[in-house]
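See structure below.
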Amino acid sequence: MDFKEIEGKWQKIWDENKNLYKADDVGVDSHIDLGRIQGSARTKPKMYVLNEFPYPSGSGLHVGHAFSFTGGDIYARFKRMQGYNVLFPMGWDAFGLPTENYAIKMKRKPQEVTKENTDMFRSQMKKLAFSFDWSREVNTTDPDYYKWTQWIFIKLFEAGLAYKKEMPINWCPSCKTGLANEEVIDGKCERCHAEVSRRNISQWVVKITDYADRLVDGLKDTDFIDKVKTAQINWIGKSEGAKIKFEISSRDVINHVSTKYLEIFTTRPDTLYGATFMVISPEHDLSLELAKSNEEIKKYLIETRKKSEMERTDLNKDKIGVFSGLYAVNPVNNKEIPIWISDFVLASYGTGAIMSVPAHDDRDKEFAVKYNLPIINVYDDEKIINSPLWNGLNKNEAIKKAIEWIKSEGIGEGTNSYHLRDWIFSRQHYWGEPIPMIFCEECAKNHKLQNSNIKHQNEEEKKKYYGWFTVPEDQLPLVLPEVEAYEPTDDGLSPLSRIPEFVNCQCPNCGSDAKRETDTMPNWAGSDWYFLRYIDPFNKDKLIDFDLLKYWGPVDVYIGGDEHNTLHLLYSRFIYQFLYDQGLFPKGLPEPYKMRTSHGVILGPDNQRMSKSRGNVIVPESVADKHGVDVVRMYMMFMGPFEGTMSWNENTLMGVKRFLSKFNIALEYLDNEAKLSILALSTEDKYPEAIVLLNKTIAKVSKDIEEFGYNTAIASLMELLNELHKIRIDESVIPLNVGHRWLMVLSRDNIKKIVKMLAPFAPYTAEELWSYIYKKENHLEEIDSRYVSVHSESWPGVEEKYLIEENMTIPIAINGKVRDQLKLQTSLHGGQANFKHQNEIIEMAKQLPNIKKWLEGKTIVKEIYVEGKMVNLAVV
RNA sequence: GCCGCUGUGGUGAAAUUGGUAUACACGUAAGUUUUAGGAACUUAUGGAGCAAUCCGUGGGGGUUCAAGUCCCUCCAGCGGCACCA
């Protein structure tokens, strides 16, 4: 049989065997299904292995997916064989722009397109033999699913963590629509090439910043790889400093403004004496106010609006600013310093205003030099401060004193600033979850608000909530209605605004006519809690059952890409922590993911990121059609480390194919009575060295899979067959030119262990071989109902006694260069470090002829013996 | 710009985490076997040298008995950056 027949055959059998990869809820008391408890199932430890669910794009499963899922699949299969009750689910993150844009272009329903795409993805995944538990499939676009996404938003609103705010978006004046950053190319609209500008619109914002400290602290409870922890910590970007209010001077005022103070944030309040000017961002209230009456400022603001934040903070670019005409008073010395407006100061960080200390900040210095502003040093070369109030202190002491002083003067306080910003939750698009909010004009007029949690906040804050009410929970899900056209409206609103039946509703509070929110949620909304739904996918009454979460949580291993290490992972942890705080989750599970690792990236053969426009996309399915699924899976895992970046070039693919062909040859032998007789599938082991090799390999492969070292696990399987092949065997029973002696140097039971080790990597080949062995053992033509899949078998254990080396080779080095080797009996160097043995070994080493030669005429100054590893003699 | 990562043969990459650098695989060469569809098997394969030996993990410096691994510095490349997901 060729590989296609084998794949088709087993795919069908596995598909029909519904329990093969099914995660079992038997461990959960309230969900015991007596019919399903088998053997020791109840005592199995649980293992939740999670791959990030894909966005089901129209172009199908790409290599990146196949690579990542194969990695997860191997781990899940390995853990299943080790006796874990494994939950390895899959679903679809199906809301989003590409589908929407496709729908607009092709004039098709996104719902239909999504169905087609997910069907395609599912069948491709089944072909690639991913052992997902398909009975738990979820889809973020399913109303039964997004009911709970909406429910989470309501909880956020009720807790005072969701509010409306004017926020800038990219705006294409020609298409009259908001654009994603990705749709803006060099400041121009991707479609019509018109100049893109920033435009403020009122958007729902979620206060993730309330959880900033918690999100950092919680990392202590996780085993995320360091890279991920660092990414999260940097993204949150906590910096300690102070907010300081500067009085705006009344002298020499060119422009009159409504505020008297300018508040800034600085991490270096100790340098206050060196502050010689101030800079505010172009988006600052003060800038906007001044622009109304000052043409120069107005012009500057329009200019900067075109730039992205990245362009603005680019150190290499020329810093350009404009003088505001205002002065502020430096509180430490009452000096008047000018206030400038420049776009290197960002509105989104701190207060959008800084005090400039050109002597101790490169950006400030550059600006000062350009506009000829004074520079005052506050630190001397010894890093001792030179400021009347805090003379002679070092930096940390001075910062502490400065904050105390600011506080005592009543002009500010020590505070933290974060790089993390609140989460803009509104999208003016169709293909997303409708935000379940209702605005009532009548209630707004009467200052009615639903949210009691914000009552303590000031009037200004309160105003934002007047008239806003959540859709009553019993009306969820608020289903996305079908519309005629999917384009946003001319004024940038979501197409939902064109549907009167959707927009018009009754106020849940007073019953008068009200309007629904027409914005939809960002893609992250559905993906930040999906891992919970896999645990309890059909629950009608609750987001998730408490007991089921207690059993399955947290996710033991979460595999995903670096691109999700900040946003998705942070949003997801935030939502989980929030719901946890609401008492919705079992105590003692403060974090959703125990371990997070990131899969690598496969670049195209040209070393570039795969993309349609570059034309370097590899489709895993077509490679599988050519060489077989097992070859593709193994090749991807053998290419390099699972976390690494590597280019797709099929150099080593043939090596993997040759390796797997050795198993196919085994099939030939099993299928042929004459050949079978010489194998005999012996029940006895005649070659002790073969057993030693096998046990070492089992130890190595087990350890490697545990650490995602798939490339080296495969290498040691290859090495095993190579080494077994070299064992000299009784030539009389061997026909000439038998290429694959590994089958003859091991007993049947030990051959089975090799097949088991192959199973996670090459599920089809292993299963086919396993079934042949079963048939031969039981003298059957076909497998019968008693057959147990290799994927349900137990992982081979290591027999420790075979791991002990009888002979030891110790390299002997002179000055760190190996000059000879000392062969020892294991018993000599023993288990423990023993001084007598150490001396003995060094003495023996000195007697070696090659070593003697190197010692002639030299003096030994140091003798090193590292237990069981090496001897080094330092000579002069 | 900010943050993070990587640099080892002709190629993809190993290296027990400070202890014999180059496992495994590709490629190449020679040989065996008259061998259909990217065949199999054996041997060799970092560089220089007849050899003893010397030199070798992006460059330079350092710590150490011992450095691919740790520290400093420089160079090159890659990834992420909040409305793509």
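Since we're looking at a predicted model, the values are computed, not measured. In what follows, chains are A, B, ... by sequence order, proteins preceding strands, each numbered from 1.
Counting any heavy atom pair closer than 4.0 Å across all strands shown, A:His419 reaches a base atom. Looking at heavy-atom distances under 4.0 Å, A:Thr566 makes no contact with the nucleic acid at all. Nucleic acid contact for A:Glu183: none, since no nucleic acid atom lies under 4.0 Å from a heavy atom of the residue. Using a 4.0 Å heavy-atom cutoff across all strands shown, A:Pro641 reaches sugar-phosphate atoms only and no base atom. Across all strands shown, A:Glu643 has no heavy atoms under 4.0 Å from either base or sugar-phosphate atoms. Counting any heavy atom pair closer than 4.0 Å across all strands shown, A:Ile812 reaches no nucleic acid atom. Heavy atoms of A:Lys657 sit nowhere under 4.0 angstrom from any nucleic acid atom. Across all strands, A:Asn565 comes closer than 4.0 Å to no nucleic acid atom at all (heavy-atom distances). Using a 4.0 Å heavy-atom distance criterion, A:Trp92 is classed as making no nucleic acid contact. Counting non-hydrogen atoms under 4.0 angstrom, A:Ile169 reaches a base of the nucleic acid. Heavy atoms of A:Glu863 sit nowhere under 4.0 angstrom from any nucleic acid atom. Nucleic acid contact for A:Glu719: sugar-phosphate only, since backbone atoms but no base atoms lie under 4.0 Å from a heavy atom of the residue. A:Met870 comes within 4.0 angstrom of a base, heavy atoms only. Heavy atoms of A:Trp235 sit under 4.0 angstrom from at least one base atom.
For the pair A:Arg198 CZ and B:C83 P, the computed distance is 10 Å after rounding to whole Å. The interatomic distance linking A:Met646 (CE) with B:C78 (P) rounds to 17 Å, in whole Å. Nucleotide B:A66 holds its C1' atom 11 Å from the NZ atom of A:Lys817, rounded to whole Å. To the nearest angstrom, P of B:C26 lies 14 Å from NE2 of A:His627. A straight line from CD of A:Glu650 to C1' of B:C26 spans 12 Å, rounded to a whole angstrom. Note: NZ (A:Lys165) to C1' (B:A82) measures 14 Å, nearest angstrom. Regarding A:Met637, its CE atom lies at a distance of 19 Å from the P atom of B:G12, rounded to whole Å. Put simply, NZ on A:Lys238 is 23 Å from P on B:C2, counting in whole angstrom units.
Ring geometry for A:Phe53 against A:Tyr530 counts as parallel: the plane angle stays under 30°, on a 0 to 90° scale with 60° as the upper cut. Taking the six-membered ring for Trp and thresholds of 30 and 60 degrees, A:Phe95 and A:Trp431 have ring planes more than 60 degrees apart, a perpendicular arrangement. Note on ring orientation: taking the six-membered ring where Trp is involved, the planes of A:His65 and A:Phe69 are parallel (angle under 30°, cut-offs 30° and 60°).
If you find the closest nucleotide of RNA chain B to A:Lys626 and to A:Ala231, the one lying nearer the 5' end belongs to A:Ala231. Along RNA chain B, the nucleotide nearest to A:Asn234 and the one nearest to A:Thr652 differ in position, and the one closer to the 5' end is contacted by A:Asn234.
With B:C24, B:A82, B:A13 as the candidates, the nucleotide lying closest to the side chain of A:Ala715 is B:C24. Considering only the side chain of A:Trp854, B:U53 comes nearest among B:C83, B:U53, B:A14. For A:Lys862, taking side-chain heavy atoms from C-beta onward, the closest of the listed nucleotides B:C65, B:C84, B:G80 is B:C65.
B:G9 takes the syn form, because its glycosidic angle lies no more than 90° either side of 0. Classified by its glycosidic torsion, B:U22 falls in the anti category, the angle being over 90° from 0. The glycosidic torsion of B:A36 lies within 90° of 0, which places this base in the syn conformation.
Taking atom C1' on both B:G56 and B:G79, the two are 31 Å apart, rounded to the nearest angstrom. A gap of 11 Å separates the C1' atoms of B:U22 and B:G68, to the nearest Å. Using atom P as the reference point in both B:G59 and B:G37, the two lie 44 Å apart (nearest Å). Separating the P atom of B:A76 from that of B:G58 is a span of 16 Å, rounded to the nearest Å. The gap from the P atom of B:C75 to that of B:G19 amounts to 30 Å, rounded to the nearest Å. One P atom belongs to B:C3, the other to B:G61, and the distance between them is 29 Å to the nearest Å. If you take atom P in B:G60 and the same atom in B:U8, they sit 16 Å apart, rounded to whole Å. One P atom belongs to B:G7, the other to B:U16, and the distance between them is 14 Å to the nearest Å.
Not counting sequence neighbours, the partners of A:Glu723 by the side chain to side chain donor-acceptor pair (under 3.5 Å) test are A:Lys726.
Under the 6.0 Å cut-off for aromatic ring centres, A:Phe67 and A:Phe642 qualify, their centroids lying closer than that. For an aromatic pair to be called close, the ring centres must be under 6.0 Å apart, and A:Trp648 with A:Tyr635 satisfies this.
Between A:Lys700 and A:Ser716 the shortest side-chain heavy-atom distance falls below 4.5 Å.
Salt-bridge formation is not detected for the pair A:Asp422/A:Lys165: no Lys NZ or Arg NE/NH1/NH2 atom is positioned less than 4.0 Å from an Asp or Glu carboxylate oxygen.
For the residue pair A:Ser572 / A:Asp528, no side-chain donor-acceptor distance below 3.5 Å is found, with atom types taken as modelled. A:Tyr349 and A:Ser239 share a side-chain donor-acceptor pair at under 3.5 Å.
Under 4.0 angstrom from either OP1 or OP2 of B:C54 there lies at least one side-chain N or O belonging to A:Arg819. Distances shown here put every side-chain N or O of A:Arg421 at or beyond 4.0 Å from the OP1 or OP2 atom of B:A82. OP1 or OP2 of B:G19 has not a single side-chain nitrogen or oxygen of A:Lys869 nearer than 4.0 Å. Remark: A:Asn872 is not in phosphate contact with B:G19, judged by side-chain N or O atoms under 4.0 Å from OP1 or OP2. Note on A:Arg658: a side-chain N or O is less than 4.0 Å away from OP1 or OP2 of B:C26. Close to B:C3, at under 4.0 Å from its OP1 or OP2, lies no side-chain N or O of A:Lys229. Between A:Asn722 and B:A25 there is a side-chain N or O to OP1 or OP2 distance below 4.0 Å. At B:U53, one or more side-chain N or O atoms of A:Lys853 fall inside 4.0 Å of OP1 or OP2 (strictly under the cut-off).
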Q.
Wobble G-U and Watson-Crick pairs count when both distances are under 3.5 Å; given that, what is the 5' to 3' dot-bracket string of RNA chain B, with | for pairing to other strands?
A. (((((((..(((......[....)))((((((.......))))))(((....)))..(((((..]....))))))))))))....

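The two residues A:Leu848 and A:Gln821 come nearest to each other via the heavy atoms CD1-O, 3.7 Å. Nearest heavy-atom pair across A:Lys164 and A:Ser202 is CD-OG, 3.5 Å.
The side-chain tip of A:Arg596 points at the ring of A:Tyr558 from less than 6.0 angstrom away and within 45° of straight on.
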Q) Can you give one letter per nucleotide of nucleotides 68-73 of chain B, 5' to 3': B if a protein heavy atom sits under 4.0 Å from the base, S if only from the sugar-phosphate, - if neither? A) ------

Q. Between A:Asp2 and A:Lys4, is a salt bridge (Lys or Arg N to Asp or Glu O under 4.0 Å) present by the stated rule, with each step listed?
A. CA-CA 6 Å; A:Asp2 70 5; A:Lys4 281 187 185 169; over 6 Å; no

